[in-house]
Engineer: 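Just dropping this structure here.
Quick note: residue numbers are just sequence positions, from 1.
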Amino acid sequence: TAGTSYSFTVRARDAAGNNSAQSTALNVTTSAASGGGTVIYEAENATKTGGVANATTYTNYSASAYVTGFQNNGASVQFAVNVATAGVYNVRMRYSNAAGPGYPISIYVNGAKITTELLSSNTSWTTWQDVSEPLTLNAGNNTIKYQKDPDNNGGAYNIDYIAIPGTPGAIGSVKEDDLSKQTTDESAISIYPNPASNSFNVATAGGVKIAITTLDGKLIKSISAKDKLTTIDSSKWNPGVYIINVQTENQSTIKKLVIAQ
């Protein structure tokens, strides 16, 4: 993983089964993402406090585990991240919440509280959702912490990972397998025609933010849509698959769009 510290040790064994002492640790840090590619930081590898722990009870999570146990005040998971260029990054966090209501969680960057994000509820703990937040990061090492503060009710949610695009202003690309796990309210959000050519429509309940990216996370267009129907000109777009991220106050919904020209 880019921008991550690792520690390596070596122990030797001979043909007779004798083991040597463990070597002195070699501590190294991988280089930061050099641009373009999204870096995934898995929650099970992050620093956990306040009762937060790794778990594998519910399926469809990424890598080896997710983290759970945010019921206590101060419970948190903190990611050590590294970016090549200072700027505002659209950090995407993947979570699940099937406890009933939406629960707030506080976001800290380099020790300072930046905002509070509402993690909306879904119908199943095996359904993972995405929420994105623009966060200002320094060039080099940073920390991003998600914490249940005393003024945050609830805490019944699980966190899988965060995704950080390789460049400021982009949106972290979506794993192909994540798209199959994303559930949407088809009656609330629709995109047509799909495939599209010169233009397409995004129908929502209104008052949403629409971000359109390529599969590798390059931001193509960002719109604040007040109306229920938004028509988007795609006549100059290259043919291919695009990601439509529709954000309401409580939920982020991801859909695919195919441009065929």
Engineer: Where is the tightest heavy-atom contact between A98 and S124, given as atom of each residue plus distance?
Structural biologist: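 Scanning both residues completely, I find the closest heavy atoms to be CB-C, 3.6 Å.
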Engineer: Roughly how far, to the nearest 0.5 Å, is the CD1 atom of I144 from the CZ atom of F79?
Structural biologist: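 Reported to 0.5 Å precision, the distance equals 8.5 Å.
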Engineer: Can you find a heavy atom in the side chain of T9 that is under 4.5 Å from one in the side chain of S23?
Structural biologist: yes
Engineer: Could you walk me through whether M93 and I159 pass side chain to side chain contact (heavy atoms under 4.5 Å, CB included), step by step?
Structural biologist: CA-CA 8 Å; M93 189 265 278; I159 294 179; 4.0 Å; yes
Engineer: State the CH2-OH distance between W125 and Y157, to the nearest 0.5 angstrom.
Structural biologist: 10.5 Å
Engineer: Just wondering, do N19 and R13 contact through their side chains at under 4.5 Å, heavy atoms?
Structural biologist: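 Answer yes - side chains close enough.
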Engineer: Side chains of T85 and T167: closer than 4.5 Å at any heavy-atom pair?
Structural biologist: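 T85 vs T167: side chains apart.
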Engineer: What pair of heavy atoms forms the shortest contact from I191 to N194, and how long is it?
Structural biologist: O-CB, 3.9 Å
Engineer: Starting at CD1 of I220, measure out to OG1 of T213 and round the result to the nearest 0.5 Å.
Structural biologist: 7.5 Å
Engineer: So which heavy atom on A139 is nearest to which on A84, and how close?
Structural biologist: CB-O, 3.7 Å
Engineer: Under a single-linkage definition using a 4.5 Å side-chain heavy-atom cutoff for Ile, Leu, Val, Met, Phe, Trp and Tyr, are V10 and L26 assigned to the same hydrophobic cluster?
Structural biologist: no
Engineer: Applying side-chain hydrogen bond (donor to acceptor under 3.5 Å, both in side chains), run through Y95 and S120 and close with a yes or a no.
Structural biologist: CA-CA 10 Å; Y95 74 95; S120 61; 3.2 Å; yes
Engineer: Using 0.5 Å steps for rounding, measure from the CZ atom of F200 to the OG1 atom of T230.
Structural biologist: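 Answer for the CZ-OG1 pair, F200 versus T230, is 9.5 Å.
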Engineer: Is any side-chain heavy atom of K113 closer than 4.5 Å to a side-chain heavy atom of D149?
Structural biologist: yes
Engineer: Is the shortest side-chain heavy-atom distance between Y242 and T214 below 4.5 Å?
Structural biologist: yes
Engineer: Starting from the C-alpha separation in whole Å, work towards a yes-or-no answer on side-chain hydrogen bond (donor to acceptor under 3.5 Å, both in side chains) for N152 and S106.
Structural biologist: CA-CA 8 Å; N152 298 154; S106 298; 2.9 Å; yes
Engineer: Anything under 3.5 Å between a donor and an acceptor, one on a side chain of residues 67-75, the other on a protein residue two or more places apart or in another chain? List them.
Structural biologist:
residue : atom : partner : partner atom : Å
T68     : OG1  : N158    : OD1          : 2.6
N72     : ND2  : G50     : O            : 3.1
N73     : OD1  : K148    : NZ           : 2.6

Engineer: Looking at Y66, Y58, Y61, which hits ring pair (Phe, Tyr, Trp, His ring centres under 6.0 Å) with W128?
Structural biologist: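 Output: one option passes, namely Y66.
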Engineer: Find the distance between CD (E42) and OG (S64) and round it off to the nearest 0.5 Å.
Structural biologist: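 Going from the CD atom of E42 to the OG atom of S64 covers 7.0 Å.
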Engineer: Is any side-chain heavy atom of T143 closer than 4.5 Å to a side-chain heavy atom of Y108?
Structural biologist: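 A side-chain contact is absent here, since even the closest heavy-atom pair is not under 4.5 Å.
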Engineer: Check N97 against A156 and note the closest heavy-atom contact, atom names and distance.
Structural biologist: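 In terms of heavy atoms, the two residues are closest at OD1-O, 3.1 Å.
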Engineer: Ignoring hydrogens and angles, write down the donor-acceptor pairs under 3.5 Å from the side chains of residues 221-229, residues two or more places apart or on other chains.
Structural biologist:
none

Engineer: Between T231 and N201, does the side-chain hydrogen bond (donor to acceptor under 3.5 Å, both in side chains) criterion hold? Intermediate values first, please.
Structural biologist: CA-CA 4 Å; T231 300; N201 301 300; 2.7 Å; yes
Engineer: Please lay out, stage by stage, how T49 and S76 fare under the test side-chain hydrogen bond (donor to acceptor under 3.5 Å, both in side chains).
Structural biologist: CA-CA 5 Å; T49 61; S76 70; 2.6 Å; yes
Engineer: Within the 4.5 Å heavy-atom criterion, are Y89 and N142 side-chain neighbours or not?
Structural biologist: no
Engineer: How long is the straight-line distance from CD of E44 back to CG of N54, given to the nearest 0.5 Å?
Structural biologist: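 Separation between the atoms: 6.0 Å.
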Engineer: Can you give me the closest heavy-atom contact between I259 and S197, atom names plus distance?
Structural biologist: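 For I259 and S197, the tightest heavy-atom pair comes out as CG2-O, 4.2 Å.
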Engineer: Look at the side-chain heavy atoms of Ile, Leu, Val, Met, Phe, Trp and Tyr, link any pair under 4.5 Å apart, and say whether I114 and Y41 land in one connected group.
Structural biologist: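 Yes, I114 connects to Y41 through the hydrophobic network.
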Engineer: Within a strict 4.5 Å, meaning less than it, do heavy atoms of the V109 and L137 side chains meet?
Structural biologist: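 Sidechains of L137 and V109: in contact.
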Engineer: If I compare all heavy atoms of A196 with all of L257, which pair ends up nearest, and what's the gap?
Structural biologist: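 Smallest interatomic distance, heavy atoms only, reads CB-CD1, 4.2 Å.
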